[in-house]
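Single-structure report; data block below.
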Amino acid sequence: GDAHMPLHTSSNYDGQLTGQKGIHAFWEAQLPEQFGETYNLHTRGAKYISDVTAETWRIIKESHALADTMLAIDRELSAKIPYDKRMKIDANGDTVRNKFHALVHTDGYALAYHTALKGMVERQLQKSIEATADFWYTAWVNAGKPDLSILDDPELTAVNKVLLEKDYNAWKNGKLTKIKTDKEF
């Protein structure tokens with residue numbers, strides 16, 4: 001799934017080689033946190049992967065092809081939008097950073113960048129979900145399709161069945177169930 005983040009396939013992992021340091025967390029965390037509620041994350045069902053190595057390299061190549069686009073869009077917008085309209089500035093005039101010390105972009109810049117990406121983040125998340133399901137399904141098939149119901153005791157299986165139904169219905173509607181996470185941005 002992680003191979004669907006274009007910069008994970010690049011030596012310019014965080015824009016450090018092009019003067020765009022911080023773009024990694026911006027694309028991977030701030031944009032999904034800001035716009036994720038609008039994403040449709042319904043995907044096709046899992047499919048068997050006949051050649052795991054070939055599929056892995058296909059995903060990496062496809063994802064890597066997006067790295068230049070995401071960097072170019074940021075460079076283009078950054079040239080048009082002043083720094084104080086791109087980055088959040090605190091009362092002392094310092095650029096705001098999140099708890100992981102990543103730069104925080106303004107909501108306006110995030111919207112402009114997200115719009116210019118034309119759904120790239122949402123599509124990559126969808127592809128990540130599909131690939132993860134495909135690899136898990138393939139591993140299960142290759143293991144001889146073992147009975148997984150024996151892994152939990154009956155009480156836990158009953159609880160999980162209810163939660164699975166809730167998750168499944170949310171997925172059919174393209175949404176995630178609510179999970180408590182710490183926001184980065």
Side-chain angles (χ1 to χ4, degrees), residues 1-18 20-78 98-105 107 109-143 164 167-168 170-185:
D2 229 16
H4 290 83
M5 195 306 181
L7 295 180
H8 286 178
T9 68
S10 171
S11 60
N12 194 15
Y13 184 79
D14 192 27
Q16 74 279 6
L17 302 177
T18 52
Q20 295 169 280
K21 188 137 178 56
I23 193 167
H24 187 128
F26 180 46
W27 191 97
E28 177 179 272
Q30 187 174 348
L31 294 180
E33 283 183 14
Q34 190 168 337
F35 303 104
E37 290 289 323
T38 67
Y39 295 166
N40 181 345
L41 298 176
H42 181 74
T43 58
R44 62 166 171 72
K47 293 183 177 180
Y48 182 78
I49 302 167
S50 58
D51 185 337
V52 171
T53 302
E55 179 62 5
T56 301
W57 283 109
R58 184 198 67 74
I59 290 168
I60 291 168
K61 288 176 186 174
E62 183 179 275
S63 183
H64 184 72
L66 300 173
D68 285 343
T69 300
M70 63 179 283
L71 291 166
I73 290 170
D74 180 63
R75 273 192 308 274
E76 181 181 309
L77 287 174
S78 292
N98 73 0
K99 66 182 181 180
F100 300 109
H101 206 61
L103 299 170
V104 179
H105 292 76
D107 291 348
Y109 185 77
L111 177 60
Y113 184 61
H114 193 262
T115 301
L117 289 172
K118 298 179 182 170
M120 180 193 291
V121 176
E122 180 178 6
R123 279 190 311 279
Q124 290 305 103
L125 284 171
Q126 290 165 341
K127 290 176 182 181
S128 176
I129 292 165
E130 289 177 351
T132 301
D134 292 348
F135 279 91
W136 273 101
Y137 177 71
T138 299
W140 176 73
V141 169
N142 289 349
L164 175 62
D167 288 345
Y168 181 72
W171 169 75
K172 285 193 307 187
N173 291 315
K175 300 299 173 195
L176 299 175
T177 53
K178 298 290 181 199
I179 1 179
K180 186 177 180 335
T181 61
D182 289 334
K183 298 265 185 197
E184 288 185 34
F185 293 90

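In what follows, residues are counted from 1 in the order of the sequence shown.
Looking at T138, its side chain does come within 3.5 Å of a backbone N or O of I49 through a donor-acceptor pair. Formation of a donor-acceptor pair under 3.5 Å by the E62 side chain with backbone atoms of H4 is not found in this model. For T38 (side chain) and F35 (main-chain N/O), a donor-acceptor pair under 3.5 Å exists by modelled atom type. With hydrogens and angles disregarded, no donor-acceptor distance shorter than 3.5 Å links the side chain of D134 to the backbone of A46. A side-chain donor-acceptor contact under 3.5 Å links N12 to the backbone of L17.
Residues L31 and F26 are in side-chain contact: their nearest non-hydrogen atoms beyond the backbone lie under 4.5 Å apart. Considering only heavy atoms from C-beta on, D167 stays 4.5 Å or farther from W171 through its side chain.
The side chain to side chain donor-acceptor pair (under 3.5 Å) contacts involving residues 109-124 comprise Y39-H114, D74-Y109, S78-Y109, where partners must be two or more places apart or lie in separate chains. Listed by first and then second residue, the salt bridge (Lys or Arg N to Asp or Glu O under 4.0 Å) pairs that reach into residues 48-57 are E55-R58, sequence neighbours excluded.
Using bins of under 30°, 30° to 60° and over 60° for the plane-to-plane angle, the ring pair H8/Y13 lands in the parallel bin.
D68 meets the salt bridge (charged side-chain N to carboxylate O under 4.0 Å, His left out) test with no other residue; sequence neighbours excluded. W57 meets the ring pair (Phe, Tyr, Trp, His ring centres under 6.0 Å) test with no other residue; sequence neighbours excluded. With sequence neighbours left out, E130 forms a salt bridge (charged side-chain N to carboxylate O under 4.0 Å, His left out) with R44. For H64, there are no ring pair (Phe, Tyr, Trp, His ring centres under 6.0 Å) partners two or more places apart in sequence or in a different chain.
Between the CD1 atom in I23 and the CD1 atom in I73 there is a gap of 9.0 Å [rounded to 0.5 Å]. For the atom pair CE (M70) and CG (L117), the distance works out to 7.0 Å, reported to the nearest 0.5 Å. Interatomic distance, CG of L41 versus CD1 of I129, reported as 4.5 Å (0.5 Å rounding).
Annotation for W140: atom CH2 counts as buried by contact number, over 12 foreign heavy atoms lying within 6.0 Å.
Q20 and T18 get closest at one heavy-atom pair: OE1-OG1, 2.6 Å.
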